[in-house]
There are 2 protein chains.
Amino acid sequence: MKIGDIAKAADVTTSRIRFYERKGIIPPADRGKNGYRDYPEDLVALLRFIEQAQGLGFTLREIADVEIGTGEHIVSCTDALALLAKKHAAVVSMIAEANDRKHRIESLMAELEASRRKAKVVATD
Amino acid sequence: MKIGDIAKAADVTTSRIRFYERKGIIPPADRGKNGYRDYPEDLVALLRFIEQAQGLGFTLREIADVEIGTGEHIVSCTDALALLAKKHAAVVSMIAEANDRKHRIESLMAELEASRRKAKVVATD
DNA sequence: CTTGACCTTAAACATAGGTTCAAACCTTAT
DNA sequence: ATAAGGTTTGAACCTATGTTTAAGGTCAAG
């Protein structure tokens, strides 16, 4: 898939995809004979994941740390396991943080619901 | 309270407080005879609330638009709840996605462990 | 009355996360 | 073969969220 196809499929701009590549957030694309970037279909899923995580306030650096899934690579078994372990730890910690956010949002909502009944309103400053 | 006192109490910088005022995130402070900003004690609560909301992934604009107070001060409940509900849905979906990634990493690790002579792995470096 | 710790402002600087632009090249359809 | 439209690069530009700096004014203690 060319960059425009991926962009359309993931609903992001092409400039954003190039930006992510420059920044090492996504792996560098393979290039066709013409120099065009050529993407595997599953980059779409990664781009969606990035969008989702950003919407929750994760930085691109944080997101890059939990990414795994695009681009095949031959590495030593030990290196691979070390890398996977690192990614695993990062994703576990991201899940914990996201869960914490979820709980905090739930508390805030409960608190707000409770005080809505009292309807104590303050000037809008 | 002077700006330094508030800053210390809320654990934010004075420059940040002035920045929030410039941007209309917090109301303009009263001024003493000397021109110094003079704050009511409860600005501390607002500053803490801003910090908390930022931690949940809200932008300053979102925070300013939906002036949700803290503790006994409640404003614009319906809007606040709608926004929080949206964030909540996003975080739930994010957790599901992250869990899926975690499981895929775990399978990959298990596979690798099981057949240690094969070092072909999917990686992002 | 001097010293040091505060306060004031405006403006410059910083970092993240992108977008836009120019100039050139490639592809596809007519 | 030409026009429309997609792709390449690098550099400039933009918004959000602050921090830092320069050039002063104020205050409380010694």
Side-chain angles (χ1 to χ4, degrees), chain A residues 1-41 43-44 46-67 90 94 97 101, chain B residues 1-41 43-44 46-68 83 87 90 94 124:
Chain A
M1 289 171 94
K2 283 185 296 181
I3 196 169
D5 304 329
I6 287 285
K8 218 157 285 174
D11 194 28
V12 301
T13 60
T14 56
S15 63
R16 202 164 156 192
I17 295 174
R18 292 192 197 96
F19 171 76
Y20 286 167
E21 182 179 308
R22 271 203 310 287
K23 291 304 206 165
I25 309 313
I26 62 175
D30 293 342
R31 298 302 181 113
K33 190 73 181 168
N34 52 14
Y36 285 16
R37 288 172 181 81
D38 183 18
Y39 290 104
E41 206 172 314
L43 188 74
V44 173
L46 178 56
L47 289 172
R48 285 202 222 278
F49 175 75
I50 292 171
E51 184 96 12
Q52 199 171 27
Q54 278 188 298
L56 297 174
F58 290 95
T59 66
L60 288 183
R61 254 320 129 208
E62 286 169 332
I63 296 163
D65 288 343
V66 309
E67 271 172 29
M94 187 182 202
E97 160 117 11
R101 278 170 202 243
Chain B
M1 291 171 93
K2 284 185 296 182
I3 195 170
D5 304 328
I6 286 285
K8 219 157 285 175
D11 193 29
V12 301
T13 60
T14 57
S15 63
R16 202 165 156 190
I17 295 173
R18 292 192 198 97
F19 171 74
Y20 286 169
E21 182 180 308
R22 270 203 311 287
K23 291 303 205 167
I25 310 314
I26 62 176
D30 293 343
R31 297 303 180 112
K33 191 73 181 169
N34 52 16
Y36 288 14
R37 287 173 181 81
D38 183 16
Y39 290 103
E41 207 173 309
L43 189 74
V44 172
L46 179 55
L47 289 171
R48 284 204 223 279
F49 171 75
I50 291 171
E51 187 95 8
Q52 186 184 6
Q54 281 187 298
L56 297 176
F58 291 95
T59 66
L60 289 183
R61 208 18 79 201
E62 285 170 330
I63 295 164
D65 285 350
V66 174
E67 286 250 320
I68 316 162
L83 203 53
K87 284 290 171 190
M94 161 87 223
T124 38

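Being a predicted model, the structure only gives us computed values, none of them experimental. Order of the sequence lines sets the chain letters (A, B, ...), proteins ahead of strands, with each chain counted from 1.
Applying the side-chain hydrogen bond (donor to acceptor under 3.5 Å, both in side chains) test to pairs two or more places apart or on separate chains, those with a residue in residues 2-14 of chain A are Thr13(A)-Ser15(A).
The CD atom of Gln52(A) sits 10.5 Å away from the CZ atom of Phe58(A) when rounded to the nearest 0.5 Å.
In this view, Arg48(A) and Val44(A) satisfy the side chain to side chain contact (heavy atoms under 4.5 Å, CB included) rule, not counting sequence neighbours. Remark: Arg22(B) pairs with no residue by the salt bridge (charged side-chain N to carboxylate O under 4.0 Å, His left out) rule, at least two apart or across chains. Under the rule for a side chain to side chain contact (heavy atoms under 4.5 Å, CB included), the partners of Ala90(B) that lie at least two apart in sequence or sit in another chain are Leu56(A). Applying the salt bridge (charged side-chain N to carboxylate O under 4.0 Å, His left out) criterion to Arg18(A), with sequence neighbours excluded, gives no partner residue. In this view, Arg16(A) and Glu51(A) satisfy the salt bridge (charged side-chain N to carboxylate O under 4.0 Å, His left out) rule, not counting sequence neighbours.
At least one donor-acceptor pair under 3.5 Å links the side chain of Asp38(A) to the backbone N or O of Met1(A).
Between Asp38(A) atom CG and dT8(D) atom P there is a gap of 10 Å when expressed in whole angstrom units. When rounded to the nearest whole Å, the span between CD1 of Ile17(A) and P of dG6(D) equals 14 Å. Per the geometry, CZ belonging to Arg18(B) stands 14 Å off C1' belonging to dA22(D), to the nearest Å. At whole-Å resolution of the value, CZ in Arg22(A) and C1' in dT9(D) are 10 Å apart.
Axis deviation across the helix from dC1(C)-dG30(D) to dT30(C)-dA1(D) amounts to 0°, comparing end segments of five pairs, rounded to 10 degrees.
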Show each protein N/O and nucleotides 26-28 of chain D N/O combination with a separation under 3.5 Å, one pair to a line.
from    : atom 1 : to       : atom 2 : distance (Å)
dT26(D) : O4'    : Tyr36(B) : OH     : 3.3
dC27(D) : OP1    : Asn34(B) : ND2    : 3.3

Restricting both atoms to N or O, compile the protein contacts to nucleotides 15-17 of chain D shorter than 3.5 Å, with distance only.
from    : atom 1 : to       : atom 2 : distance (Å)
dT17(D) : OP1    : Leu60(B) : N      : 3.1

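The only member of Ile6(B), Asp30(B), Leu46(B) that meets side chain to side chain contact (heavy atoms under 4.5 Å, CB included) when paired with Tyr39(B) is Ile6(B).
Counting 5' to 3', DNA chain C first comes under 4.0 angstrom of a heavy atom of chain A and last does so at the ends given by dG17(C) to dT27(C).
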